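Contents: one structure, followed by commentary.
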Amino acid sequence: MAKTSVRDLDVAGKRVLIRADLNVPFDANGRISDDRRITQFLPTLQNVIDRGGAAILMSHLGRPTGDPAKDASLSLKPVAERIGELTGKKCGFVTNCIGPEVEKAAHDLKKCQTLLLENLRFHKAETIIDKAKKNPDGKLTPDQEAQRQNFAKSLAGLGDLYVNDAFGACHRMHVSMYDVPALLGPGRRAIGFLVEKELKYLRDALEHPQRPFVAVLGGAKVSDKIGVIRNLIPRVDQILIGGAMTYTFWAAKGWAIGRSLCEQDKVDLARELIAEAGDKLVLPMDSIATEELYAGASPKTVRGELPPDLMGVDIGPDSVAHFVGILKKARTIIWNGPVGAFEYAPFDAGTNAIAKAIAEATDAGATSVIGGGDSAAAVEKAHLSERMTHISTGGGASLSFLEGEAFETIDIIDDK
Ligand code: AMP
């Protein structure tokens with residue numbers, strides 16, 4: 001069922017609480033090093049203020065620890081400044097997200113103005129739901145529940161309408177993502193353009209893919225990707241495996257893996273996945289290996305099994321050629337996780353070759369969806385972002401979506 005979009009809300013003269021994902025990275029000098037999450041959210045903000053709404057923005061940034069000295073670097077103030085620069089209109093900022101000062105600023109906000117609240121996670125209540133897992137009955141204690149409710153009421157009281165445009169947080173049942181829209185109630189809840197776009201690309205790929213449909217899954221751990229592999233097996237034509245995950249699968253086949261990373265406790269599971277997927281699961285047949293992993297370490301190409309002194313840190317040239325051949329014919333491609341230790345040149349060659357092959361397939365008409373996180377960083381590093389169909393702003397959220405998880409934070413938004 002389609003969800004109400006921000007464009008369906010009558011925002012004129014209303015205070016619109018927008019949950020955005022403004023969790024941007026900063027460089028060593030405290031400057032925003034990649035503002036994609038801000039720029040991708042601007043169409044929603046612009047839509048609200050252009051139609052006479054007053055926009056109150058909420059976001060998290062990083063993982064505050066409660067230590068004021070460390071948390072000072074997690075203030076959203078520089079983000080307010082960047083929004084002001086990008087929109088050419090001042091973006092107000094308050095040093096908290098609840099409390100009398102915030103209520104006054106929200107109340108005084110005029111139509112077409114924007115106000116950004118300080119980092120939601122400076123209040124433990126925002127993420128308190130995560131504590132439920134640690135409690136013996138899997139539920140919050142009455143005190144934790146009260147903290148959650150009070151925080152939700154304080155935030156919800158700031159606005160008349162609610163827009164979820166924080167795709168990167170959609171897999172988390174945090175207060176600003178779920179309890180606030182729950183409290184605001186029907187007729188006042190919508191998704192923003194970024195969430196709409198992210199869901200469309202991921203859904204289209206999973207539900208109506210043009211074939212051949214190929215997934216490339218890399219990264220460090222099989223355990224992180226089991227859910228995705230299981231959910232994709234019946235849907236895709238092929239799953240290309242890369243990254244350190246390779247060696248857990250090789251161990252399952254009885255191959256020697258030298259000193260490569262391997263999750264010993266997942267070897268049986270890897271064997272099950274190989275049996276379940278049959279020909280669909282394509283494993284690398286060679287590696288770029290090294291004795292120690294650091295930038296500039298000398299690479300050795302090894303076909304097949306690895307000797308005891310080497311670790312495999314990238315897919316080898318035969319695997320690259322095989323994968324590129326498959327990607328060339330693909331009409332829908334999903335990529336999640338680098339196929340090698342791409343942070344350490346020259347062990348980025350396999351990942352770069354995959355990024356280039358996906359860009360070329362996209363140029364030739366395929367739809368490519370890059371699942372955020374490290375794969376998005378690799379595409380960016382290779383200057384290929386513009387050539388991909390869609391690069392997700394949410395690594396964890398897109399992974400959860402590919403696992404087939406239903407997002408309750410989206411379910412709570414009103415149907416169209
Ligand atoms: P993930 O967070 O699971 O997507 O894993 C990404 C990380 O896996 C990156 O930091 C890569 O450097 C790392 N990685 C990928 N392939 C390998 C490999 N063969 N050996 C060691 N690390 C790897």
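Remember, it's a predicted structure, so these values are computed and weren't measured experimentally. Indexing begins at 1, ligand by ligand and atom by atom, following the structure's order.
Considering both main-chain and side-chain atoms, L293 never comes within under 3.5 Å of ligand 1 through any nitrogen or oxygen pair. Between A220 and ligand 1, an N or O atom pair is found at a separation short of 3.5 Å. Of the N or O atoms in E343, one or more lie within a sub-3.5 Å distance of an N or O in ligand 1. Between G312 and ligand 1, a contact under 3.5 Å exists for at least one N or O pair.
E198 and S398 share no donor-acceptor pair across their side chains, judged by distance under 3.5 Å alone. Counted by atom type alone, H60 and R19 present one or more donor-acceptor pairs between their side chains at under 3.5 Å. Donor-acceptor pairing under 3.5 Å is recorded for the side chains of Y247 and S287. With hydrogens and angles left out, the side-chain atoms of E126 and S176 include a donor and acceptor closer than 3.5 Å.
Between D414 and K3 there is no salt bridge, since none of the side-chain N atoms of the basic residue sits less than 4.0 Å from a carboxylate O of the acidic one. Between E291 and K300 a salt bridge is recorded (basic side-chain N to carboxylate O distance below 4.0 Å).
Of all protein heavy atoms, the one closest to atom 7 (C) of ligand 1 is D374 OD2, 4.0 Å. Remark: minimum distance from atom 21 (C) of ligand 1 to any protein heavy atom is reached at L261 CD1, 3.6 Å.
Assignment of K225 to the shell around ligand 1 is supported, since a heavy atom sits closer than 4.0 Å.
Across the listed options G350, S287, G395, A244, A244 owns the non-hydrogen atom lying nearest to atom 17 (C) of ligand 1.
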